[in-house]
Amino acid sequence: MKGHTIKNILLLSLAAILLFSACDDDGFNFDIAECKPEAFLDNWALQVILPNISTNFLPQLNNVDFTTTDIGYAAGELGTLIRISGNGTVWEVQLTGQQSEPLTEQSLLSVDFFAEDQGFAGGSDILPQFSEERDSGAVFLSTADAGVTWSRQYHSDIRRFMDLEFYNPLLGLALVLPDDADTDSDYSIARTEDGGATWSVEDLPEDFGFPRFQRANNRIFIPMNRRFYFSDDRGETWTERSAPVNSIEVFYFVTPETGFAIGETTAFKTTDGGQNWDQIPLPVQGGGGIMHFADENQGFFLRSVIDQEPETGINYLSGVQSLETQDGGNTWTVVSEKSGCLVNGEVTFPSSVIGYVVNPNTVYRFIKQ
């Protein structure tokens, strides 16, 4: 990724919330709003794209990275790696654990391309007992020909590569779950200077949820629960700062100094890199969401609308509320109170004005107007 790039897993649907169609086979009434892409946002066009291949066999996607505004890669369960082109319309399965002699059957949790033809992917060694890869350590893949061929190695001291951020063929960072972690949320920061052959690992100060890097220009962030790290020297040194919320639900920096931290019920903005925070009037209920800014003034925020099925009491995602700001997040305007465009999945913005949210069934493409 180059320049102002955001690669995050910011799922609108919470882990405990089920996503259903308007009426399922058992007759339950799940009232899903209608999707009207033209009315989703005022200053952004939303395109709802269906992949050109059958997605019935595609497993869950865990990470997506677009190297250009047109070409990207998605990593998923069962050793799945997909090349996406044609502005999200063309999907080519490059790797899958369903092949007769798969390169890997591990869940691929992360993918990162620092150039159009050079990239990396990382996996998880948590596998069924009968798997030949069990207890081999997390798999680490690399390619220098846009994914036509991949090389493979295993790291016995790492259980999961949760996210990757490479600057060149040799220097890269990773958020990992080390083999000696006390819990499944005891993540560490890892750094390599030899293309992933070896990694130096440093423990992070608190357990937290699903880890992802976030970049604003040359500064890279690691949001946790009640604090965050950032580095201006490609991970050689890190600075720690406190967050204004007890649990960070959404973390987004427009520039190295201007950013937002959103908790379950409150939202805050900083203009000095997180040394000071001011609460902003952004309606937040239940946490979660997707935020993106085209510049320091113009941005949007997407928030889940959760309803409850009356007969069963099941919570479900019934719509998405969309909001926009033109003054740097100081004030927000609701564009759609409850859209049926259920934007959820892996988020990647290869430029400030074009971005994607990808899941196995749908690609949502955002274009600044």
Side-chain angles (χ1 to χ4, degrees), residues 7 9 11 13 15 18-21 49-67 71-113 116-156 158-164 174 176-177 184 196 210 212 344-348 356-364:
K7 181 180 66 173
I9 178 169
L11 298 181
S13 51
L18 303 179
L19 175 59
F20 294 91
S21 60
I49 301 166
L50 300 180
N52 67 316
I53 60 175
S54 171
T55 59
N56 292 334
F57 78 98
L58 289 181
Q60 172 184 317
L61 300 180
N62 296 317
N63 200 209
V64 173
D65 184 34
F66 270 66
T67 57
I71 297 173
Y73 295 82
E77 299 294 303
L78 248 174
T80 300
L81 203 141
I82 301 167
R83 186 178 190 268
I84 303 173
S85 59
N87 296 324
T89 61
V90 180
W91 288 36
E92 172 194 355
V93 179
Q94 293 187 330
L95 297 176
T96 173
Q98 300 177 61
Q99 295 169 327
S100 57
E101 295 183 3
L103 183 64
T104 181
E105 294 181 346
Q106 287 193 15
S107 298
L108 295 180
L109 302 179
S110 53
V111 61
D112 182 70
F113 274 69
E116 288 188 43
D117 58 348
Q118 299 180 71
F120 303 87
S124 166
D125 75 344
I126 300 176
L127 289 161
Q129 188 170 359
F130 57 82
S131 172
E132 294 181 358
E133 290 182 284
R134 184 175 173 85
D135 299 325
S136 60
V139 71
F140 183 76
L141 308 177
S142 60
T143 180
D145 56 12
V148 176
T149 59
W150 292 84
S151 62
R152 179 188 66 188
Q153 56 186 292
Y154 295 96
H155 292 274
S156 60
I158 295 175
R159 293 167 56 194
R160 300 175 193 166
F161 283 98
M162 301 300 297
D163 201 16
L164 297 169
V176 302
L177 184 70
D184 283 346
F210 214 79
R212 283 290 187 260
N344 66 98
E346 294 295 316
V347 183
T348 176
Y356 297 84
V357 180
V358 181
N359 64 49
N361 301 303
T362 311
V363 176
Y364 299 94

Would you check if the side chain of Arg152 reaches a backbone N or O of Thr104 as a donor-acceptor pair within less than 3.5 Å?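 Judged by distance alone, no pair lies under 3.5 Å.
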Donor-acceptor check, side chain of Asn63 to backbone of Ala75, threshold 3.5 angstrom: yes or no?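 No; zero donor-acceptor contacts below 3.5 Å.
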So do [Y] and [X] actually touch side chain to side chain, heavy atoms under 4.5 Å?
X      : Y      : result
Thr89  : Asn52  : no
Leu141 : Leu108 : yes
Trp150 : Leu95  : yes
Leu50  : Thr362 : yes
Leu61  : Ile82  : yes

Only counting residues at least two apart or in another chain, list the ones meeting ring pair (Phe, Tyr, Trp, His ring centres under 6.0 Å) with Phe140.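 Expected list: Phe120, Phe161, Trp199.
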If the condition is ring pair (Phe, Tyr, Trp, His ring centres under 6.0 Å), which residues does Tyr364 pass it with, not counting sequence neighbours?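 Testing Tyr364 for ring pair (Phe, Tyr, Trp, His ring centres under 6.0 Å), a comparison that skips the adjacent residues, returns none.
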Which atom names give the shortest non-hydrogen contact between Asn62 and Arg212, and what distance separates them?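 Taking every non-hydrogen atom into account, O-NH2, 2.6 Å.
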Nearest non-hydrogen partners of Ser107 and Glu77, listed with the distance: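 Residues Ser107 and Glu77, closest heavy atoms: OG-OE1, 2.6 Å.
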side-chain hydrogen bond (donor to acceptor under 3.5 Å, both in side chains) between Asp65 and Thr67: does it pass, once the steps are laid out? CA-CA 6 Å; Asp65 184 34; Thr67 57; over 6 Å; no
For Ser151, enumerate each residue passing the side chain to side chain contact (heavy atoms under 4.5 Å, CB included) test, keeping only those at least two apart in sequence or located in another chain.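 Ser151 satisfies side chain to side chain contact (heavy atoms under 4.5 Å, CB included) with Ser142 only.
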